[in-house]
Amino acid sequence: MELMGIVNVTPDSFYAPSRVDGTEAAVARIAELRGRGCSIIDIGAVSTRPGAAEVSADEEWRRLEPVLTEIAGMPAAISIDTTSSEIVRKAYGILGPFIVNDISAGEDDPQMLATVAELGLSYIAMHKRGNPRTMDSLCEYPRGVVEALDGYFTGFAARAESIGIKDWILDPGFGFSKNPVQNWELLENLQAFRHFGRPILVGVADKRFTRTPNPFDPGATPSSEYAERLAKERGADILRIH
């Protein structure tokens, strides 16, 4: 299993220790995460916590550019957490190939998938509904959350193939438009997505649901550590950690 370490160049991401203020702090954080065994460093400049405010592409780039310039050439896989194709193009100009980590799976920017295909980049497609201000009210899945996400990624796989994205990773989107029981159900059923033949990325660190009981394992004590251990047992390929 690979570890993806989180670096947030934001003032408001929900987990304070992942935030960094300035390039020097970002480089130090990256060194720490690599020392902990992270083979992928995920850098984000826009908070996606529940209720987070919108951030312009100009502000997102103002936060990202000095960090990317400093780490260009670093011998580590870099992913950038963004929904903006404009940011992807600018980052590519500094870094060359990197991994695009898009929480909207191309839905928030109509140019995203075509840009990723054109540049030949690896891509993380995550499931969500709405935005950070509305997602907690969009948790209804009449056919069940596992079946709903299976259908969602079936559609994404077809779009990716038609547009020419060769290398993509599946992220169920824990904590995004799912209630606690639905998050636990997805975690227990990760193998249901194995038929897509794609690596499965799980990000559960300090998500709200990890503080609630797992109804499928009522004897367990809920925690981030327990959720991450369950992810490994259920077949996650990449674990996104703080």
Side-chain angles (χ1 to χ4, degrees), residues 2-10 20 23 26-27 29-30 33-34 38-48 54-128 131 152-173 176 193 196-203 237-240:
E2 287 192 90
L3 297 179
M4 169 188 278
I6 304 168
V7 179
N8 285 316
V9 289
T10 62
V20 295
T23 302
V27 171
R29 170 76 174 162
I30 291 169
L33 290 167
R34 293 183 67 195
C38 294
S39 57
I40 305 170
I41 303 298
D42 188 49
I43 304 173
V46 177
S47 174
T48 54
E54 288 190 59
V55 173
S56 70
D58 286 344
E59 175 62 15
E60 183 179 2
W61 185 242
R62 186 192 69 78
R63 297 171 180 180
L64 275 174
E65 183 181 19
V67 175
L68 300 185
T69 299
E70 181 67 23
I71 67 172
M74 178 180 289
I78 300 296
S79 68
I80 297 178
D81 191 342
T82 187
T83 61
S84 167
S85 61
E86 177 185 346
I87 296 295
V88 169
R89 286 192 181 278
K90 288 180 174 179
Y92 184 82
I94 293 175
L95 295 178
F98 64 96
I99 303 166
V100 178
N101 185 6
D102 181 0
I103 66 165
S104 78
E107 293 182 357
D108 287 0
D109 182 341
Q111 301 305 314
M112 176 63 92
L113 299 184
T115 299
V116 169
E118 176 191 336
L119 299 177
L121 302 179
S122 299
Y123 186 74
I124 299 168
M126 195 193 85
H127 172 270
K128 73 169 179 63
N131 59 49
Y152 180 85
F153 285 112
T154 296
F156 176 82
R159 293 199 307 278
E161 182 175 5
S162 68
I163 207 164
I165 295 176
K166 307 295 186 184
D167 180 16
W168 65 274
I169 295 163
L170 187 155
D171 181 349
F176 288 81
F193 306 109
F196 288 102
R198 301 291 171 174
I200 297 174
L201 185 151
V202 168
D237 299 289
I238 304 169
L239 194 62
R240 190 169 182 266

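Nothing fancy with the numbering, it's 1 onward along the sequence.
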Got a second to check how far [X]'s [atom1] is from [Y]'s [atom2], nearest 0.5 Å?
X	Y	atom1	atom2	result
E86	D109	CD	CG	9.0 Å
L64	T69	CG	OG1	10.0 Å
L201	I124	CG	CD1	5.0 Å
E2	L239	CD	CG	11.0 Å
D102	M112	CG	CE	4.0 Å
I238	L170	CD1	CG	10.5 Å

Quick check: closest heavy atoms across [X] and [Y], and the distance to 0.1 Å?
X	Y	result
L121	P97	CD2-CA, 3.8 Å
A91	I80	CB-CD1, 3.4 Å
A117	I163	CB-O, 3.3 Å
M74	R34	CG-NH1, 3.7 Å
S85	Q111	OG-CB, 3.5 Å
M126	Y152	O-OH, 3.8 Å

Notebook entry, point to check: So F153 and F196, would you call those rings parallel, tilted or perpendicular, with 30° and 60° as cut-offs?
Noted result: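 Rings of F153 and F196: perpendicular, as their planes differ by over 60°.
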Next item on the list: Go through S79 and D42 one step at a time and tell me if the side chain to side chain donor-acceptor pair (under 3.5 Å) criterion holds.
Entry: CA-CA 5 Å; S79 68; D42 188 49; 2.5 Å; yes
Next item on the list: Hey, could you give me each pair passing salt bridge (charged side-chain N to carboxylate O under 4.0 Å, His left out) that has a residue in residues 65-82? Not counting sequence neighbours.
Entry: D81-R240
Margin query: Looking at E59, I want to see if its CD is surrounded by more than 12 non-hydrogen atoms of other residues, nucleotides or ligands under 6.0 Å.
Written below: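 It does: E59 CD has more than 12 such atoms within range.
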Margin query: Between E60 and K90 (salt bridge meaning N to carboxylate O under 4.0 Å), is one present in this structure?
Written below: no
Item checked: Student check: side-chain heavy atoms of I41 and I71 closer than 4.5 Å ->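 Side-chain contact under 4.5 Å: no.
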Item checked: Pairwise side-chain contact, V46 with T82, heavy-atom cut-off 4.5 Å (strictly under) -> no
Note to self: The criterion is salt bridge (charged side-chain N to carboxylate O under 4.0 Å, His left out); which residues satisfy it with D108, sequence neighbours excluded?
What the structure shows: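 Counting only residues at least two positions away or on another chain, D108 forms a salt bridge (charged side-chain N to carboxylate O under 4.0 Å, His left out) with K128.
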Notebook entry, point to check: For residues 83-123, which residue pairs qualify under ring pair (Phe, Tyr, Trp, His ring centres under 6.0 Å), counting only residues two or more places apart or in two chains?
Noted result: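 Only Y123-F156 qualify under ring pair (Phe, Tyr, Trp, His ring centres under 6.0 Å).
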Next item on the list: Output yes when a side-chain donor or acceptor of R29 lies under 3.5 Å from a complementary backbone atom of I6, and no otherwise.
Entry: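 Flag set: sc R29 to bb I6 pair under 3.5 Å.
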